[in-house]
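In what follows, every chain begins at residue 1, and chains take the letters A, B, ... in the order their sequences are listed.
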Amino acid sequence: MINVLCFAHLKEQVGQEQLELARDELTVKELLQELHEQHSIDTDSLIVAVNEEYADVDDVIKSGDTVALIPPVSGG
Amino acid sequence: MINVLCFAHLKEQVGQEQLELARDELTVKELLQELHEQHSIDTDSLIVAVNEEYADVDDVIKSGDTVALIPPVSGG
Amino acid sequence: MERLFIVTDQPISVEEVTKKVVRPEAGAISNFIGTVREYTHGRRTLSLTYEAYQSMAEKQLKRIGEEIKEKWPDAKTAITHRTGDLAISDIAVVIAVSTPHRKDAFRASEYAIERIKQIVPIWKKEHWEDGEEWIGNQLETEAYPEGKPKGEEIYD
Amino acid sequence: MERLFIVTDQPISVEEVTKKVVRPEAGAISNFIGTVREYTHGRRTLSLTYEAYQSMAEKQLKRIGEEIKEKWPDAKTAITHRTGDLAISDIAVVIAVSTPHRKDAFRASEYAIERIKQIVPIWKKEHWEDGEEWIGNQLETEAYPEGKPKGEEIYD
């Protein structure tokens, strides 16, 4: 099981802070495809963080990892 | 009578905060010459302020004006 | 251990953040303080809401401090960013950088705010008279600077 | 009427100076804080004494604020400089400039401290382990920048 954290407009769009994916292992790219298909999330401008570090498209996510969907930031 | 304010090392050198010159009118240049002769003040790097504004060498100082000798500043 | 990089929902004290970087070796401190501006491009903002991925945001702030240390080895940096609902003129972020000499302090402080807007997972929602919206990518540029994945380019 | 340009023998509060420039039109504040540094060119400073021609110094600080207003019309500036005896790490000067956007705030704040070192009649006496001296012309340049008479050149 992989937990995916949502922030900002994504949280509002998805309607919850967290999504659960019943998968043991997948790449960042596969994760985004799945989110797009299952939750209609526009993944075009998203960046993925795995365990609080920005991840590459080919990085592998495993069950138990903390994944976060990061829309373009606007702090400061 | 013209009062001349001294600051920083000048105040210590002259031994007082204020000098009095028994003059009714003179230029900045003349003032500096007089200070050099009478009080051994090194006027090379001094700037003169008259009534709290930096003055030019040919500006005329009159009795009642507030004159200040400004060594290179070092605030900040 | 003093915490130099903080994301908090409490009001920020400029004095408190500044004190963290005061030290005998430093002669200069440059603060940057971000406050909520009322008008942007002629549109009136009523209030802002900041949301953060707090644990990661604090890590990223710390990273910025490390980047500054690499570029300006004599610098010490402290940053606090606020989250939650903010009114006009409220303080959103305080950066403090101390250095021996002043030029480095200015440069490093400016570097810090630029980097915050690039790599720290904090989002701003603007509330206007006629609506509200989450703001993304304030830099108004498509390409992401280094140190952060490239967004769509990377995942295409 | 709030006093924006002050020379005082009392400790300076960063918060207090900063508050003077907070306003709805501003989104950015850049502070510069000058603190007493312990070592300069390897020589240990024990303490400093600042002396000012107070009335004229406040006028000159105000003038710097006006210069900033000319260069950055949307800026608001406040400056407080301290006089008297200061220990290591004590605050000698606090500058606060607020602007709508951050770049101007940094530029104007840096401009202010450069100008203070040029045209404001305040002098620093350094106290070392083996002596003391009034410091002149920290910029270590012979020629004086514009806005101030040219020193020896003018009077030769």
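Listed for the B:Ser74 side chain is a donor-acceptor partner under 3.5 Å among the backbone atoms of D:Ile135.
Heavy atoms of B:Gln33 lying under 4.5 Å from chain D are absent altogether. Contact of D:Ile113 with chain B is made through the side chain alone, with heavy-atom distances under 4.5 Å. Using a 4.5 Å cut-off between heavy atoms, D:Trp123 touches chain B through backbone and side chain atoms alike.
By the neighbour-count criterion of 12 heavy atoms within 6.0 Å, atom CD of D:Glu126 is densely surrounded, having more than that number from other residues, nucleotides or ligands. The local environment of CD in D:Glu25 is crowded, with over 12 non-hydrogen atoms from other residues, nucleotides or ligands closer than 6.0 Å. By the 6.0 Å contact criterion, NZ on B:Lys62 is open, its count of non-hydrogen atoms from other residues, nucleotides or ligands being 12 or less. For D:Lys20, the NZ atom is densely surrounded, since the number of other residues' heavy atoms within 6.0 Å is greater than 12. Heavy atoms of other residues, nucleotides or ligands lying less than 6.0 angstrom from NE2 of B:His36 number 12 at most.
Classification of B:Glu53 and D:Arg63 as a salt-bridged pair fails, no side-chain N sitting under 4.0 Å from a carboxylate O.
Taking B:Lys11, B:Glu12, B:His9, B:Glu52 one by one and counting their heavy-atom pairs under 4.5 Å with chain D, the maximum is reached by B:Glu52.
Scanning residues 50-58 of chain D against chain B with a 4.5 Å heavy-atom cutoff picks out D:Tyr50, D:Glu51, D:Ala52, D:Tyr53, D:Ser55, D:Met56, ordered by number.
Annotation for B:Tyr54 and D:Ile119: closest pair OH-O, 2.7 Å, computed over non-hydrogen atoms.
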